[in-house]
Amino acid sequence: MELIAPVAIGLFVVFLVWVLPVLLILNKPGVSGKEKAIWIFAVLFVSWLSWILFLFVAPVLEDRR
């Protein structure tokens, strides 16, 4: 029974780390709605590498506008 609390806390931390990129994309002011949706789907279904790509590509596209 004493193992339940650390496992629950660990799962909560993993969940927060997994959701963090989605929250950061949602709060990015210079990205449009459709573009946000594409990036979120990429992060959720492809990998964290797409989030890293977002960090590098989104500011470049923002400067072009």
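Residues: numbered from 1 along the sequence shown. Predicted model, so just to flag it, every value in this text is computed and none were measured.
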Could you state whether [X] and [Y] fall into the same hydrophobic cluster, counting links through intermediate Ile, Leu, Val, Met, Phe, Trp or Tyr residues with side-chain heavy atoms under 4.5 angstrom apart?
X     : Y     : answer
Trp39 : Leu23 : yes
Leu11 : Leu16 : no
Val14 : Leu3  : no
Leu24 : Ile38 : no

Flag, side chain of Lys36 to backbone of Lys28, donor-acceptor distance under 3.5 Å |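 Yes; judged by distance alone, with no hydrogens or angles, the pair exists.
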Could you tell me whether the side chain of Val31 reaches within less than 4.5 Å of the side chain of Ile25, counting heavy atoms only?
->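 When only atoms from C-beta onward are counted, Val31 and Ile25 do not touch, as no gap falls below 4.5 Å.
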